[in-house]
There are 2 protein chains.
Amino acid sequence: MSHSEVTRPTLSDALTERMLDLIRQGGHRPGDRLPSTRELSQRFAVTTPTLREALRRLEATGAIEMRHGSGIYVGAAIERVVLPNPNVRQIHGEQLLDLLDARILIEPPLAARAALNKRGAELRTLLDRAAQYLQGRDTELAEVNLDFHRSVARAAGNGVLAEVVDSLLTVHASEQREILRLFDDRRRDYEEHLAILEAIVDGDPQSAGELMKAHLLDVKTVIEQRM
Amino acid sequence: MSHSEVTRPTLSDALTERMLDLIRQGGHRPGDRLPSTRELSQRFAVTTPTLREALRRLEATGAIEMRHGSGIYVGAAIERVVLPNPNVRQIHGEQLLDLLDARILIEPPLAARAALNKRGAELRTLLDRAAQYLQGRDTELAEVNLDFHRSVARAAGNGVLAEVVDSLLTVHASEQREILRLFDDRRRDYEEHLAILEAIVDGDPQSAGELMKAHLLDVKTVIEQRM
DNA sequence: CCGCTTAGGTGATTAGATGACTTGATATGT
DNA sequence: ACATATCAAGTCATCTAATCACCTAAGCGG
């Protein structure tokens, strides 16, 4: 992928590289605007379609963002290590169980670390927001519940592991949307999230880890039942 | 990323989707050949550059592979859940340590599971190959050492976790190539790999996990020293 | 001061033609 | 008969030039 050179010599490859140089040498950060396609194609002495192929590649991996009529911007994922596969639409059963097992291995230790880091404040406001959605608004509640897991992972302090968890959640969520299998019991999720939160703000890593594990095992049970 | 629709209505988006449908409805597997660009552009009633933008996006995420003069083929990564970011060139210190910590969390349990699964045979042949590279041939040896970690992860039986480990290794390796910091002691790596292997073929999960953890802590120490 | 209009800038797509590469079939030589 | 060299058809890669669609901020009018 990044350096597996079996096929080599395309101009588009070189352009991709030069674009990345341009972004990094220029010290641009996510959200910054880049030169227009016309200027870029002139600067690199290539035609519009060729340049755009390179841009689309960068866009597909989150390195840039192209906004019609507005411009090209540095993407949020440019510094990430791992990415979710954006092409996943449906997951077959075994893969979904593997995904859950992966979460069961990774997330409980992260919850424990979050408890050690005393970073419960942001999680609290998140669950407050969730409480507002408890009556109706299933879609929003599902979104907030996902964000809870993302936030716990981020609070653990390891950016790479947070990316891994985010990738797993993103793929799982996109699969749920595709199939409209929103069978999870989001109220129960909320309750269990609340318990995890308490353990984190109390600075109790062992409970936080155990509660997270129990929570994910519950989720897995639900998934196994409907297979 | 996959469904974060802030910007929407581009023809190229729709084409990407139709291409994925074409691949999946057609039951194509990685390596299979797809119709030519000419036929695809006619079938979808779009011009060459537009189609190619969609193809480049799919290529960037490993869903397809375009070979000059030959054709378009289904990519190996089309069914993956997580991907390595192909745009990473250099990693800053903190991120590299996070990456190692992630490996320390994930890989030891995988080594333990591999021991339970009694799948040491392939690992043995791998390390036999490594032994041939012990005199000289640093590049090949580094490659085989990477493959050892990948194989252990795969032998654990969880495809998603194997993808995560693969992604972490891929990014780490591409960074090493970029900076030419091949300071790791690959002979010592080989010795430690051998010890892990023995534990796995002996079906001793606890030793396998502990040895893997000790090994990765050694690697982390080396990285910390040169920072 | 606020809302609407508008013009300039920007990305998205079109159209057809040409160059570069791969591959399997053909031809050639031994 | 077999190995090698040649070649032609198919395929991806790039170019050229123009038009369409969209966003945004400046300017206008209320």
Side-chain angles (χ1 to χ4, degrees), chain A residues 1 4-19 22-23 26 28 30-76 78 86, chain B residues 1 4-19 22-23 26 28 30-76 78 86:
Chain A
M1 194 155 308
S4 53
E5 328 298 11
V6 186
T7 309
R8 273 320 301 283
T10 92
L11 219 186
S12 191
D13 281 338
L15 274 180
T16 308
E17 213 61 29
R18 294 186 67 179
M19 280 296 302
L22 184 150
I23 294 172
H28 296 294
D32 288 359
R33 185 171 166 186
L34 299 172
S36 70
T37 57
R38 283 175 179 81
E39 181 174 340
L40 287 172
S41 61
Q42 284 177 16
R43 185 184 307 191
F44 296 144
V46 296
T47 56
T48 303
T50 308
L51 173 77
R52 289 178 63 78
E53 285 187 28
L55 294 179
R56 282 284 186 230
R57 267 209 289 209
L58 292 169
E59 187 198 44
T61 49
I64 67 168
E65 210 174 308
M66 300 166 79
R67 298 186 203 148
H68 191 175
S70 175
I72 303 168
Y73 301 81
V74 178
I78 190 169
Chain B
M1 191 155 312
S4 53
E5 329 299 12
V6 186
T7 309
R8 268 322 310 271
T10 92
L11 219 185
S12 191
D13 282 338
L15 274 180
T16 307
E17 213 61 28
R18 294 186 67 178
M19 280 296 303
L22 184 150
I23 294 172
H28 296 294
D32 288 358
R33 185 170 168 188
L34 298 172
S36 70
T37 56
R38 225 199 309 276
E39 180 175 340
L40 288 173
S41 61
Q42 283 176 13
R43 183 184 310 191
F44 296 143
V46 297
T47 56
T48 303
T50 307
L51 173 76
R52 288 178 63 79
E53 285 187 27
L55 294 179
R56 281 283 186 232
R57 269 208 289 208
L58 291 170
E59 186 197 45
T61 49
I64 66 168
E65 209 176 308
M66 301 166 77
R67 299 187 203 149
H68 190 174
S70 176
I72 303 168
Y73 301 81
V74 178
I78 190 169

Given atom [atom1] of [X] and atom [atom2] of [N], what is their separation to the nearest angstrom?
X: B/Asp13; N: C/dA12; atom1: CG; atom2: C1'; value: 11 Å
X: B/Met66; N: D/dT11; atom1: CE; atom2: P; value: 14 Å
X: A/Ile72; N: D/dC22; atom1: CD1; atom2: C1'; value: 15 Å
X: B/Leu11; N: C/dG11; atom1: CG; atom2: P; value: 18 Å
X: A/Glu53; N: D/dA13; atom1: CD; atom2: C1'; value: 7 Å
X: A/Glu59; N: C/dT10; atom1: CD; atom2: P; value: 18 Å
X: B/Leu51; N: C/dA15; atom1: CG; atom2: C1'; value: 15 Å
X: A/Leu55; N: C/dG11; atom1: CG; atom2: P; value: 9 Å

About how many Å separate [atom2] of [Y] and [atom1] of [X], when rounded to the nearest 0.5 Å?
X: A/Thr16; Y: A/Leu51; atom1: OG1; atom2: CG; result: 9.5 Å
X: B/Ile72; Y: B/Glu65; atom1: CD1; atom2: CD; result: 11.5 Å
X: B/Leu55; Y: B/Thr48; atom1: CG; atom2: OG1; result: 10.0 Å

> Between B/Thr10 and A/Met66, does a side chain to side chain contact (heavy atoms under 4.5 Å, CB included) hold up when you go through it step by step?
Replying inline: CA-CA 11 Å; B/Thr10 92; A/Met66 300 166 79; over 6 Å; no

> Counting side-chain heavy atoms from C-beta on, which of C/dG11, D/dT14, C/dT13 comes nearest to B/Arg52?
Replying inline: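 Out of C/dG11, D/dT14, C/dT13, the nucleotide with an atom closest to B/Arg52's side chain is D/dT14.
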
>> Show, in sequence, the C-alpha distance, side-chain angles and deciding distance for B/Leu11 and B/Glu53, and conclude whether the side chain to side chain contact (heavy atoms under 4.5 Å, CB included) test is met.
In response: CA-CA 10 Å; B/Leu11 219 185; B/Glu53 285 187 27; over 6 Å; no

>> Does A/Ile78 form a side chain to side chain contact (heavy atoms under 4.5 Å, CB included) with A/His28? I'd like the steps, not just the answer.
In response: CA-CA 11 Å; A/Ile78 190 169; A/His28 296 294; over 6 Å; no

>> On a heavy-atom basis, which atom in A/Thr61 and which in B/Ala60 lie closest, and how many Å separate them?
In response: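 Looks like CG2-O, 3.8 Å.
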
>> Between A/Glu59 and A/Arg56, does any side-chain N to carboxylate O distance fall below 4.0 Å?
In response: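 Salt bridge flag = yes for A/Arg56 with A/Glu59.
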
>> side chain to side chain contact (heavy atoms under 4.5 Å, CB included) for B/Arg57 and B/Asp13? Distances and angles first, verdict last.
In response: CA-CA 9 Å; B/Arg57 269 208 289 208; B/Asp13 282 338; 2.9 Å; yes

> Going by number, which of residues 30-48 of chain B have a non-hydrogen atom under 4.0 Å from DNA chain D?
Replying inline: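 Listed by number, they are B/Arg33, B/Ser36, B/Thr37, B/Arg38.
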
> Quick one: what's the B/S/- string for nucleotides 21-26 of chain C, heavy-atom cutoff under 4.0 Å, read 5' to 3'?
Replying inline: BBS---

